[in-house]
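Here the structure comes first, spelled out in structure tokens, and everything after it is commentary.
Keep in mind that the numbers below use all heavy atoms, side chains included, and drop hydrogens, waters and symmetry copies.
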Amino acid sequence: MFTPHGPTLGELATQALSSTQAGYDLLAPKFDHTPYRTPDRLLGAVADTLRPLGPFRAGLDVCCGTGAGVGVLRELCHERVTGVDFSTGMLRRARAAHAGASGGPAEVTWVRADARALPFRASFDLAVSFGAFGHFLPAERPRLFAGVHRALRPGGRFVFPLPAPPPVGSRAYWELWAFDAAMRVRNLLWRPRFIMYYRTFRLTDVLTELTGAGFTVELSPLEEFGRRSDGSPYCRTVTAHRG
């Protein structure tokens, strides 16, 4: 599937019938050869947005996967960078990808933990996350955001990109709707559950939840991705400031 080096249809089916954690352990060796990895263009755009605000001392990649976001933090943080994920397989791939890499901070660490219970307090100046929020049910996000807030030092920032939803009625809209519907049926009929929903991370809800966690929130358009016919950006960065 996707590329000659990507997972087979059978491997994806096995992953989809596993738990979220076990599924990513299985997918980890081939994850970077799928469309699920955050594109380099988006990673670069977020890095460009953050670069004038740095350099930063310590950075945290929440749900780091195979370490793509850690690469962004290594450009921006001069003391240390930490990637956290609940999948042992993804952390193993991330560690291998960054082993021996030149440049960046002297200390790069990997922590296996549930992002809903981050084991950090006032430790970082910058936190990022890429492509992971669909793995959290809406009721779980307040805990996630509160944990990131605790992990940041006063004045720290939590930054992530947020693409605009596809126009109602478009092909992309119906594709995401169908995927989410299929996942809801799968999780109703099969255990363990695999949590991945594309249409539950709505901007208005997220702003309310971040504010409730104690953040002050700023939105910035990523102009390199253009604007929709109504003038709104195709993609934004969300910057949540800890006071």
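We find the CD-NE2 distance between E107 and H78 to be 13.0 Å, quoted to the nearest 0.5 Å. The CG atom of L207 lies 8.5 Å from the CG atom of L162; values are rounded to the nearest 0.5 Å. Expressed to the nearest 0.5 Å, how far CZ of R236 lies from CG of L203 amounts to 5.5 Å. With values rounded to the nearest 0.5 angstrom, E218 atom CD is found 10.0 Å from T216 atom OG1. Separation of atoms CZ (R186) and CE (M196) is listed at 13.5 Å; rounding is to 0.5 Å.
Taken together through direct or relayed side-chain contacts under 4.5 Å among Ile, Leu, Val, Met, Phe, Trp and Tyr, F160 and V217 form part of one hydrophobic cluster. Under the 4.5 Å side-chain heavy-atom criterion for ILVMFWY residues, a single connected hydrophobic cluster contains both L43 and L76.
For R74 against P105, the heavy-atom pair with the smallest separation is O-CD, 3.6 Å. Looking at every heavy atom in both residues, L42 comes nearest to C235 through CD1-SG, 4.0 Å. The minimum heavy-atom distance linking P119 with V111 is given by the pair CG-CG1, 4.4 Å. What you find for S19 and F194 is that their closest heavy atoms are O-CD1, 3.5 Å. Across all non-hydrogen atoms, the minimal contact from G23 to Q15 is O-CG, 3.2 Å. Summarising the geometry of N187 relative to R193, their closest heavy-atom pair is OD1-CA, 3.4 Å, with the distance given to 0.1 Å.
Contact annotation: the side chain of R150 never approaches that of F120 to less than 4.5 Å [non-hydrogen atoms, C-beta and beyond]. By the 4.5 Å heavy-atom criterion applied to side chains, R92 and W110 are not counted as neighbours. Looking at F215 and L152, their side chains come closer than 4.5 Å, going by heavy atoms from C-beta outward. A 4.5 Å side-chain heavy-atom check between V84 and L91 finds every atom pair outside the cut-off. No side-chain heavy atom of H149 sits under 4.5 Å from any side-chain heavy atom of F158.
More than 12 heavy atoms of other shown residues, nucleotides or ligands fall within 6.0 angstrom of atom CZ in R51. Residue-environment remark: CZ (R171) stays at or below the threshold of 12 foreign heavy atoms within 6.0 Å.
For L26, the side-chain contact (heavy atoms from CB on, under 4.5 Å) criterion is met by T14, S18, not counting sequence neighbours.
A salt bridge does not link R227 with D230: none of the charged nitrogens is closer than 4.0 Å to a carboxylate oxygen.
In this structure a side-chain-to-backbone donor-acceptor pair under 3.5 Å is present from D180 to Y198. Side-chain atoms of R37 never come within 3.5 Å of backbone atoms of T66 as a donor-acceptor pair (strictly under, hydrogens ignored). Of the possible polar contacts, one joining the S123 side chain to the R121 backbone as a donor-acceptor pair under 3.5 Å is found. Between the side chain of D61 and the backbone N or O of V70, at least one donor-acceptor pair lies under 3.5 Å.
Looking at R112 and T88, their side chains do bring a donor and an acceptor atom within 3.5 Å of each other.
Grouped with L17 in one hydrophobic cluster are W190, the linkage being side-chain heavy-atom contacts under 4.5 Å among Ile, Leu, Val, Met, Phe, Trp and Tyr residues.
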Atom pairs and distances, donor-acceptor, side-chain atoms in residues 128-148, under 3.5 Å, two or more places apart:
{"residue": "S129", "atom": "OG", "partner": "V62", "partner atom": "O", "Å": "2.8"}
{"residue": "H135", "atom": "ND1", "partner": "I195", "partner atom": "O", "Å": "2.7"}
{"residue": "H135", "atom": "NE2", "partner": "Y24", "partner atom": "OH", "Å": "2.9"}
{"residue": "E140", "atom": "OE1", "partner": "L137", "partner atom": "N", "Å": "2.9"}
{"residue": "E140", "atom": "OE2", "partner": "R116", "partner atom": "NH1", "Å": "2.6"}
{"residue": "R141", "atom": "NE", "partner": "E209", "partner atom": "OE1", "Å": "2.7"}
{"residue": "R141", "atom": "NH1", "partner": "T200", "partner atom": "O", "Å": "3.0"}
{"residue": "R141", "atom": "NH2", "partner": "E209", "partner atom": "OE1", "Å": "3.3"}
{"residue": "R141", "atom": "NH2", "partner": "E209", "partner atom": "OE2", "Å": "3.0"}

